Amino acid sequence: MKSGFVAIMGRPNAGKSTLVNALLSKTVSIVSPRAQTTREAIMGILNEKDKQIVFIDTPGLFVPKEALDKVMVASARESAKGVDAVAYLVDGSLESMAEDDALIASLKISCPLFICLNKIDLITAPIGEATITHFKEKFPSAQVLPMSALKNFGLKELKNGLLAVMKEGPQYFPADSLTDKDRSFQAKEAIRFELLRFLDEEVPHQCAVVVNSLIEKDNHVKIEATVFSEKKSQVGIVVGKGGDMIKKISMSARHRLETQFHEHVTLVVEVRFLEGWRDDPSKLATFGYGKSDDAK
Ligand code: GDP
Ligand code: MG
C-alpha cells in the first residue's frame with residue numbers, strides 16, 4: 001500500500017487545523033480565530049483504498065517567549081522531521097510574506113513540499129496570483145497551490161498531490177482510525193475549545209486542562225477534569241457568578257463529546273489555581289506538553 005506522514009506547518013492562525021479537519025471531513029483538531037489554539041501535534045488519519053496518509057497538525061511556528069511557547073514551537077519543528085511530505089500553509093490574507101519565506105527556509109525541508117496559499121476567499125485574484133508567483137520563484141522545487149480550507153477549495157488538488165508522492169509503506173494505523181489521540185485527549189480539547197469560545201482575551205490561554213479520570217461503562221462515559229488557572233484573579237472569571245460560566249462551558253463540552261463519541265457523557269469540571277504553570281517546564285510536562293527538556 002501507499003502510505004506516509006504529512007506535516008501541516010505554518011504560522012499560528014494560518015488555518016492548519018481547519019485544513020486537517022476539512023481533509024478528513026471530521027473534527028480531529030480544535031479551531032478558533034485565536035492564535036495558538038493547537039498546543040501539541042495531533043495526528044489525523046486519512047484512509048482510502050490501499051492508501052493511508054497520516055496528517056500531523058502542528059502548533060504554529062513563531063518566535064517563542066514563554067516556556068509553553070517553546071514547547072509548542074519545538075513540537076512543531078520536531079514534526080517536520082522524518083515526514084514524507086510537508087504542507088506549509090500561508091495565510092493569504094496577511095500582507096507580508098517575509099516571515100513565511102524565512103520560516104520555510106529555516107525548516108530545511110528535504111521531502112516534497114506543498115506551499116498552500118490558504119484563505120484565498122479573502123483576497124482578490126491578482127493578489128493571489130502575485131503571491132503564488134512569489135513562492136514559485138522563491139521555492140522552485142515546491143508545488144504552490146491556492147486554497148481555502150474553510151470553503152473547501154483546492155483540497156482535492158492537495159490531496160491528489162500528496163497521494164502522488166506517497167511511497168510504498170505499511171499501514172501505520174488501523175483503517176478505521178481517525179486520530180492517534182484517545183478519548184481523554186479529546187475531552188481535554190473539548191473543554192479547551194469551550195474555554196476559548198466563552199472566555200475573553202488571555203484567560204483561556206492561561207488555563208490548562210487535565211482529565212483526572214475517564215470511565216467507560218455501558219455506553220456511558222464519565223469524565224472528571226480540572227481547569228488550572230495561572231492567575232488567582234481568573235479563577236472567579238472561569239467559575240462565573242454562582243458557577244454559571246463553568247456550567248456553560250462543561251455543558252457545551254459535554255454535548256460536543258456526545259456527538260464525537262456517540263455515547264452518553266457525564267462531565268464534571270472543577271477550577272483551581274496553579275501559579276505560573278505556563279513557565280514551569282515540570283508542570284508543563286505534567287499537563288502533557290512536550291518533554292520537559294523542550295522548554296529549557
Ligand atoms: P491554525 O492555528 O493554523 O490551526 O488555524 P485554525 O485552523 O485554528 O484557523 C484559524 C482561523 O482561520 C479560524 O477562525 C478559521 O475559521 C479561519 N480559517 C481557516 N481557513 C480559512 C480559509 O480558508 N478562509 C477563511 N476566510 N478563514 C479561514
Ligand atoms: Mg491549530
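Numbering of ligands and ligand atoms starts at 1, following listing order. Note that the structure is predicted; figures quoted are calculated from it, not measured.
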task: May I ask you to check whether S17 brings an N, O or S atom to under 2.8 Å from the Mg ion (ligand 2)?
output: yes

- prompt: Can you tell me which residue and heavy atom of the protein come closest to atom 14 (O) of ligand 1, and the distance to 0.1 Å?
  reply: P33 CA, 3.4 Å

- request: Could you tell me whether a side-chain N or O of E263 sits under 3.5 Å from a main-chain N or O of E258, the two making a donor and an acceptor?
  value: no

query: Do K119 and L94 come within less than 4.5 Å of each other through their side chains, counting heavy atoms only?
result: no

field: Heavy-atom gap G10 to ligand 1 smaller than 4.0 Å
entry: no

statement: atom 13 (C) of ligand 1: closest protein heavy atom, distance to 0.1 Å, is S32 O, 3.6 Å

field: E275 atom CD: more than 12 heavy-atom contacts under 6.0 Å
entry: no

message: Using a 3.5 Å cut-off on N or O atoms only, is D121 in polar contact with ligand 1?
response: yes

- prompt: Is L122 in polar range of ligand 1, meaning some N or O pair under 3.5 Å apart?
  reply: no

- request: Report yes if V31 has an N/O atom closer than 3.5 Å to an N/O atom of ligand 1; otherwise report no.
  value: no

- request: Look only at interatomic distance and state if A14 has a nitrogen or oxygen under 3.5 Å from any nitrogen or oxygen of ligand 1.
  value: yes

Over 12 foreign heavy atoms within 6.0 Å of CE, M1: yes

task: May I ask you to identify the nearest protein heavy atom to atom 28 (C) of ligand 1, giving residue, atom name and distance to one decimal place in Å?
output: K119 CE, 3.7 Å

query: Can you find an N or O of N13 that's nearer than 3.5 Å to an N or O of ligand 1?
result: yes

message: Any nitrogen or oxygen of D57, side chain or backbone, less than 3.5 Å from one on ligand 1?
response: no

- prompt: For M147 and ligand 1, does the shortest N/O to N/O distance drop below 3.5 Å?
  reply: no

message: Could you check whether any side-chain heavy atom of D84 comes within less than 4.5 Å of a side-chain heavy atom of M166, counting everything from C-beta outward?
response: yes

field: Expected output: side-chain D279 to main-chain A67 donor-acceptor under 3.5 Å
entry: yes

- request: Would you indicate whether K2, at its atom NZ, is surrounded by more than 12 heavy atoms from other residues, nucleotides or ligands within a distance under 6.0 Å?
  value: no

field: K16 side chain vs R11 backbone, donor-acceptor pair below 3.5 Å
entry: yes

field: atom 22 (C) of ligand 1: nearest protein contact (heavy atom, Å)
entry: L150 CB, 3.3 Å

- line: In ligand 1, the atoms that come under 4.0 Å of a heavy atom of S148 are 22 (C), 23 (O), 24 (N)

- request: Provide, to 0.1 Å, the distance between atom 9 (O) of ligand 1 and the closest protein heavy atom, together with that atom's residue and name.
  value: T18 OG1, 3.5 Å

task: Within a distance under 4.0 Å of any heavy atom of N118, pick out the atoms of ligand 1 and give their elements.
output: 20 (N), 21 (C), 23 (O)

field: Heavy-atom check, side chain of F55 versus side chain of L19, under 4.5 Å
entry: no

message: Counting only heavy atoms not in H220 (residues, nucleotides, ligands), do more than 12 fall under 6.0 Å from its NE2?
response: yes

